Amino acid sequence: MIALRNLIGDLAAQFRHSGNLTARLGCVLRYWWLYVGHRLQGMSRDDSRLQALAKMAQTGSSKRLVNVALGDGLHAEMDVFSAAYLLREIIDDGTYRSAGFVPEKGWTVVDVGAHQGIFTLDSARRVGPTGRVVSVEPFPSNRDILQRNIARNQLTHVEVVPFAAAETSGPKTLYITQYVTGGQSLVFMGNDSVPMTIDARPLDAILDERGIKSVDLLKIDVEGAWRLVFAGATRLLTRRPRIVMEVEGDDTEVAAAKQAVAALGYVVEFRPPVLFARPN
């Protein structure tokens, strides 16, 4: 019954946005068909999910590019799985939104781990042309889509940074997952991952190069590499921007993230899987 309720919810969510509806509905049905099949074979929920994602990636059914309306005149290109699931999480469910953390007119927002741009586009709409959005995305295929989305929506107040945010400048190994387009990491090396060499810069250097002295909101979603981001952002963190950060991992990892952020002088709230930190 829980699976059926979740399936119905996933299908219903697709009607909140226009654009390639048939493809998005097909993606949801395909995922659930594979997931339930693996569960009936006795696999755990996590293993069933990974096997379903792996099969969809192998056949290319989850990576087909579609165009979807985000609202308020914004349109975005993204892979169909992101359109079916990430769009719902970020735009509809407001995973990264909480009182005091919603970008406002004139804000400067830094999006570390921008993926294909859902959060970036939503933030750009909210801050308006008097604001600024810096989108950090090192993975070339996601960055290409991100740049096309920014150009398509004529968001001249958004800048894309083609580096990973890390503790030092120079080459780094980015581990590319085959399951989903948003699972790349500098620290997680899954059995399915393929290494790729990319360039990294400290976030402090990225902002200094652009003359940015103040940041209102720092969003981080880097698949477990938050420590590297923090290590390269010591000056920024002394200025106490609001922080919204997705935390991947077990309870020990969540506790470590909470402790590290609190030690910087923040009041921390954790609403799985997102940590919200406001200056104390």
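Model, not experiment: these values are computed from the prediction. Only this structure's heavy atoms are used, side chains among them; waters, hydrogens and symmetry mates stay out.
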For the pair [X] (side chain) and [Y] (backbone), establish whether a donor and an acceptor sit closer than 3.5 Å, ignoring hydrogens and angles.
X	Y	result
Asp216	Thr108	yes
Lys219	Gly113	yes
Thr59	Met56	yes
Asp79	Ser82	yes
Arg278	Arg242	no
Arg24	His17	yes

Single-linkage hydrophobic cluster, 4.5 Å side-chain cutoff, [X] and [Y] together:
X	Y	answer
Ile220	Leu275	yes
Val268	Leu264	yes
Val134	Val229	yes
Val133	Val136	no
Tyr35	Leu7	yes

Please identify each residue that fulfils salt bridge (Lys or Arg N to Asp or Glu O under 4.0 Å) with [X], with sequence neighbours left out.
X	answer
Lys172	Glu167
Arg148	Glu77
Arg126	Asp122
Glu104	none

About how many Å separate [atom2] of [Y] and [atom1] of [X], when rounded to the nearest 0.5 Å?
X	Y	atom1	atom2	result
Tyr179	Gln58	OH	CD	9.0 Å
Leu207	Leu203	CG	CG	4.5 Å
Gln116	Ser141	CD	OG	7.5 Å
Phe276	Phe270	CZ	CZ	10.0 Å
Asn153	Leu74	CG	CG	5.0 Å
Asn142	Thr181	CG	OG1	5.0 Å

Any side-chain heavy atom of [X] sitting closer than 4.5 Å to one from [Y]?
X	Y	answer
Ser123	Val109	yes
Leu228	Val222	no
Leu11	Leu29	yes
Leu217	Pro103	yes
Leu86	Phe81	no
Gln51	Leu34	no
Thr177	Phe188	no
Leu87	Ile90	no

Going by the rule ring pair (Phe, Tyr, Trp, His ring centres under 6.0 Å), which residues pair with [X] if we only count those two or more places apart in sequence or in a different chain?
X	answer
Trp107	none
Phe230	Trp226
Tyr266	none

How close do [X] and [Y] get, counting heavy atoms only, and between which atoms?
X	Y	result
Pro138	Ile198	O-CG2, 3.9 Å
Ala84	Val28	CB-CG2, 4.0 Å
Gly170	Arg201	N-NH1, 4.4 Å
Val80	Ser62	CG1-O, 3.5 Å
Met78	Ile118	SD-CD1, 3.8 Å
Ala52	His38	N-CD2, 3.9 Å

Below 3.5 Å, can you tabulate the donor-acceptor pairs from side chains in residues 64-71 to any protein atom, sequence neighbours excluded?
unit_1: Asn67; atom_1: OD1; unit_2: Arg152; atom_2: NH1; d: 2.6

How far apart are the C-alpha atoms of Asp208 and Arg235, what are their side-chain angles, what is the distance that settles it, and do they pass the side chain to side chain contact (heavy atoms under 4.5 Å, CB included) test? CA-CA 10 Å; Asp208 286 348; Arg235 290 197 302 277; 2.3 Å; yes
Assess the side chains of Tyr85 and Asp10: does a donor N or O sit below 3.5 Å from an acceptor N or O?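 Checked: Tyr85/Asp10 side chains pair up, N/O donor to acceptor below 3.5 Å.
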Do we see a donor-acceptor contact under 3.5 Å between the side chains of Ser135 and Asp111?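 Note: Ser135 and Asp111 side chains miss the donor-acceptor criterion.
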Qualifying ring-ring contact (aromatic ring centres under 6.0 Å, His included) pairs with a residue from residues 243-265, counting only residues at least two apart or across chains: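 Matches after skipping sequence neighbours: none remain.
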Please collect all ring-ring contact (aromatic ring centres under 6.0 Å, His included) contacts where either partner lies in residues 138-164, sequence neighbours excluded, each pair once.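 ring-ring contact (aromatic ring centres under 6.0 Å, His included) check on residues 138-164 returns no pairs.
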Ile206 and Ile212: CA distance, side-chain angles, deciding distance, side chain to side chain contact (heavy atoms under 4.5 Å, CB included) verdict: CA-CA 9 Å; Ile206 289 171; Ile212 297 175; over 6 Å; no
Please check if the number of heavy atoms outside [X] that lie under 6.0 Å from its [atom1] is greater than 12.
X	atom1	value
Asp251	CG	no
Arg49	CZ	no
Arg239	CZ	yes

For Tyr175, which fellow cluster members are found when Ile, Leu, Val, Met, Phe, Trp and Tyr are connected by side-chain heavy-atom distances below 4.5 angstrom, either directly or through intermediates?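 Hydrophobic cluster check, Tyr175: joined to Met189.
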For Ile176 and Ser193, what are the C-alpha separation, side-chain angles and deciding distance, and is it a side chain to side chain contact (heavy atoms under 4.5 Å, CB included)? CA-CA 5 Å; Ile176 312 303; Ser193 64; 5.9 Å; no
Test Arg88 against Arg16 for side chain to side chain contact (heavy atoms under 4.5 Å, CB included), laying out the working first. CA-CA 9 Å; Arg88 175 186 179 182; Arg16 297 174 189 161; 4.1 Å; yes
Side chain to side chain contact (heavy atoms under 4.5 Å, CB included), paired with Val161, selected from Arg143, Arg210, Glu209: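 Passing option: Arg210.
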Could you note down all residue pairs passing side chain to side chain donor-acceptor pair (under 3.5 Å) where residues 93-102 supplies at least one of them, sequence neighbours left out?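 Pairs touching residues 93-102 that pass the test: Tyr96-Asp221, Tyr96-Glu246, Ser98-Arg271.
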So that I can tick it off, tell me whether Arg227 and Glu253 are bridged by a salt bridge, with the cut-off set at under 4.0 angstrom between side-chain N and carboxylate O.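 Yes, charged N to carboxylate O under 4.0 Å.
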